[in-house]
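If you read the sequence from its start, that first residue is 1, and numbering goes on from there.
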Amino acid sequence: MPFHKYRPFQPITLPERQWPGKVIEQAPRWCSVDLRDGNQALIDPMNVDEKLSMYELLVEVGFAEIEVGFPAASQPDFDFIRRIIDEERIPEDVTVQVLCQAREELIERTVEALDGAPNVIFHLYNSTSELQRRVVFEMGRPGIVDLAVRGTRIVKQGLSGLDSNISFEYSPESFTGTELDFAVEICTAVAEEWGATAERPIIINLPSTVEMATPNIYADQIEWFATNFPHRDKAVISLHTHNDRGTGIAATELALMAGAERVEGTLFGNGERTGNCDIVTMAMNLFSQGVDPELDFGDMPRIRRTVEAINKLPVHERHPYAGDLVFTAFSGSHQDAIKKGMAKVDRDRWEVPYLPIDPGDVGSSYKETVRVNSQSGKGGVGFLLEEFYGIVLPREMLKEFSGVVQKLTEVLDREIKAEEIFRALLDEYAVESGPYRLVDFDVLTGRQADQRCIARIEASEQQVTIDGEGTGPIEAFVNGLEETLNEPVNVVEYHEHALATGSDAKAICLLAIEDAGGGRCYGVGVSRNTITASLQGVIAAMNRRWRN
């Protein structure tokens, strides 16, 4: 690898940095840029109807600031903005943001698109980095400052006739590659030209247009800027990170600790190149720390499906908080810990191993947290049977049955579902093929004990009638078997569970019989009648003992 072509980013001299000791205690101002920055990064950009669907989702989630497009550069953007204004789709507490370059004809077109919007943020930008000045613009610092100031003046004049509550945002694009003293210089000039006040502050957006260094350096840049910007009390410091190094979210979190107050990003991080800051993950990270994110992701599966349909891009199965597999454990030790944690969890204080948040808080199911493949153990098998069917296997039976499931996953060479595990349980333990079969039975009042059981049993293809008494039907049945067949049947474990409710409810009986040497053999019976299920379980255990 030709690593010699690249130079390390120079760290910031900030010996008394304060941000490492800070904690994020409240949500920032969120601004979704899905409809502009996210849209321009799509293979197939949104049409007006798709924009409207995305916009309605953003409003529903709770965004108070939404960048709705670049109306001077795109007819679909213009048409969409006019539609939400003319159809009065902008709530009173929502501000629409537009991006525009500082050219009179573009500003005029933008004002035309915004006419009638109650609350507006006009977003102006120009690139300020040393590289862009040298390679793209071939201009020195004074020329770049003059470009930004003249642009601000044109915007101020162009918006003078717009009857809206207007805020102004300025981005020194490629801030991360801009000398910090120059970033302060140009933002100061823009703030003064705009006439920012403490009552009507300017938004100074400091984008990591290209992620060039580790997240701590971005935080240093933000803290240095905020400390040295002379109009700090007249400005809202905003962040707009990209994910070139894969640390856009971390950079945003550290930069909030460094003093920023506002975050621009997209749902699931869609954006140019490797993407923008993922606001879903950002917000849910706050949520996991007990901080109100002020955005509602309670129905994450529906939000994800909507965004995937509009963007025509999949959300990865391992995407934090939202992917199909993020609450799923295949590892046996993880499954066991989750199962034990779920059994003890206090719903008012979430503490479950391997699950940083309650899956139910984002519309997922506890049943989806554990899935079984060849890497899984008895904990996962037991969890799925309990969650999906209400069946709690005795410990020794679970240990034995897990081996059956392990072999099945190896034969199938794939994950197996809960219903397949349940079927395997019946195949293994509800054994009807063998020397014994229950034909029918009656339970009567006993002559010398509480109850009497008369049953017809098929034994080695011969039908015999058994007649036994006991304190209950199972004991009476077992006593009759022993007396008639001369075979010891000692029931040492018995568990009964309901498989469903209502008219179709069935009972499942799990039991073990013990031989003279202390060896146990498990059997399962299933029936709408609990006594039938129990007697079938005894017969199944006897058949398994003969089979094994």
Side-chain angles (χ1 to χ4, degrees), residues 24-35 38 50-67 89-95 248-249 252-253 256 262-271 275-311 313-329 338 341-342 345-371 383 387-388:
I24 304 173
E25 297 180 335
Q26 65 181 34
R29 283 172 53 177
W30 302 109
C31 178
S32 162
V33 294
D34 290 87
L35 293 166
E50 289 170 332
K51 278 179 170 285
L52 184 60
S53 295
M54 178 67 81
Y55 170 78
E56 289 175 341
L57 176 64
L58 297 171
V59 171
E60 179 186 339
V61 166
F63 283 95
E65 298 177 14
I66 302 172
E67 190 167 77
R89 293 177 179 269
I90 305 175
E92 292 183 358
D93 58 349
V94 171
T95 299
I249 293 168
T252 303
E253 290 182 323
L256 286 174
R262 181 177 184 268
V263 170
E264 294 187 348
T266 60
L267 299 178
F268 307 114
N270 174 52
N276 285 37
C277 172
D278 173 13
I279 288 185
V280 174
T281 302
M282 272 289 306
M284 292 308 302
N285 283 354
L286 294 178
F287 179 79
S288 73
Q289 300 302 302
V291 176
D292 182 0
E294 300 178 14
L295 295 173
D296 184 359
F297 293 113
D299 192 355
M300 192 73 79
R302 184 180 65 83
I303 293 170
R304 188 191 70 206
R305 288 194 302 269
T306 302
V307 173
E308 286 179 326
I310 295 170
N311 288 348
L313 294 172
V315 173
H316 197 279
E317 290 90 342
R318 301 290 184 188
H319 196 102
Y321 305 104
D324 282 333
L325 298 177
V326 294
F327 299 117
T328 299
I338 290 172
M342 293 292 289
V345 68
D346 177 354
R347 298 298 180 188
D348 293 326
R349 183 177 176 82
W350 183 257
E351 288 183 314
V352 174
Y354 301 109
L355 296 180
I357 68 164
D358 182 345
D361 290 336
V362 289
S364 294
S365 168
Y366 306 116
K367 297 178 181 179
E368 298 166 356
T369 59
V370 170
R371 288 162 64 172
F383 183 90
E387 288 296 315
F388 281 85

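- By the salt bridge (charged side-chain N to carboxylate O under 4.0 Å, His left out) test, R89 pairs with E56, E87, sequence neighbours left out.
- The heavy-atom pair separating P301 from G363 by the smallest distance is CG-O, 3.7 Å.
- Using a 4.5 Å heavy-atom cutoff, the side chains of V94 and E65 are not in contact.
- Of the possible polar contacts, none joining the N311 side chain to the L313 backbone as a donor-acceptor pair under 3.5 Å is found.
- Atom CG of L267 is separated from atom CZ of F63 by 5.0 Å, given to the nearest 0.5 angstrom.
- Residues V59 and P91 meet the side-chain proximity criterion, which asks for heavy atoms closer than 4.5 Å.
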Stepwise side chain to side chain contact (heavy atoms under 4.5 Å, CB included) check, V61 with I303: CA-CA 9 Å; V61 166; I303 293 170; 4.1 Å; yes
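- Atom CG of residue L57 and atom CD1 of residue I310 lie 6.5 Å apart, to the nearest 0.5 angstrom.
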Verify side chain to side chain contact (heavy atoms under 4.5 Å, CB included) between I24 and E253, making sure each step is shown before the conclusion. CA-CA 8 Å; I24 304 173; E253 290 182 323; 4.3 Å; yes
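- W350 has its side chain out of reach of D361: every pair of non-hydrogen atoms, C-beta onward, lies at least 4.5 Å apart.
- Closest heavy-atom contact between M282 and C277: CG-SG, 3.4 Å.
- Applying the salt bridge (Lys or Arg N to Asp or Glu O under 4.0 Å) test to every pair with at least one member in residues 279-303, sequence neighbours left out, gives these pairs: E60-R302, D299-R302.
- In this structure, W30 contributes its side chain and P293 its backbone to a donor-acceptor pair below 3.5 Å.
- Side-chain contact between N276 and D34 is absent, with no heavy atoms from C-beta onward closer than 4.5 Å.
- The OG atom of S288 sits 12.5 Å away from atom CG of L355, with the distance rounded to the nearest 0.5 Å.
- How far OG1 of T281 is from CG of L286: 11.0 Å, rounded to the nearest 0.5 Å.
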Could you go through residues 314-321 and list every donor-acceptor pair under 3.5 Å that involves a side-chain atom there, pairing it with any protein atom two or more places apart or in another chain?
{"unit_1": "H316", "atom_1": "ND1", "unit_2": "R318", "atom_2": "N", "d": "2.9"}
{"unit_1": "H319", "atom_1": "NE2", "unit_2": "D278", "atom_2": "OD2", "d": "2.7"}
{"unit_1": "Y321", "atom_1": "OH", "unit_2": "N285", "atom_2": "OD1", "d": "2.7"}

Full working for side chain to side chain contact (heavy atoms under 4.5 Å, CB included) between I357 and V362: CA-CA 9 Å; I357 68 164; V362 289; 4.1 Å; yes
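- When all heavy atoms of M300 and V280 are compared, the closest pair comes out as CE-CG1, 3.7 Å.
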Is there a side chain to side chain contact (heavy atoms under 4.5 Å, CB included) between L35 and M54 once you walk through the steps? CA-CA 7 Å; L35 293 166; M54 178 67 81; 3.8 Å; yes
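- With rounding to the nearest 0.5 angstrom, the CG atom of D358 is 14.5 Å from the CZ atom of R349.
- Annotation for P353 and I338: closest pair O-CG1, 3.3 Å, computed over non-hydrogen atoms.
- Of the possible polar contacts, none joining the S364 side chain to the G360 backbone as a donor-acceptor pair under 3.5 Å is found.
- Judged by distance alone, the side chain of R262 and the main-chain N or O of R29 form no donor-acceptor pair under 3.5 Å.
- E67 contributes atom CD, which lies 8.5 Å from atom OG of S32 (distance to the nearest 0.5 angstrom).
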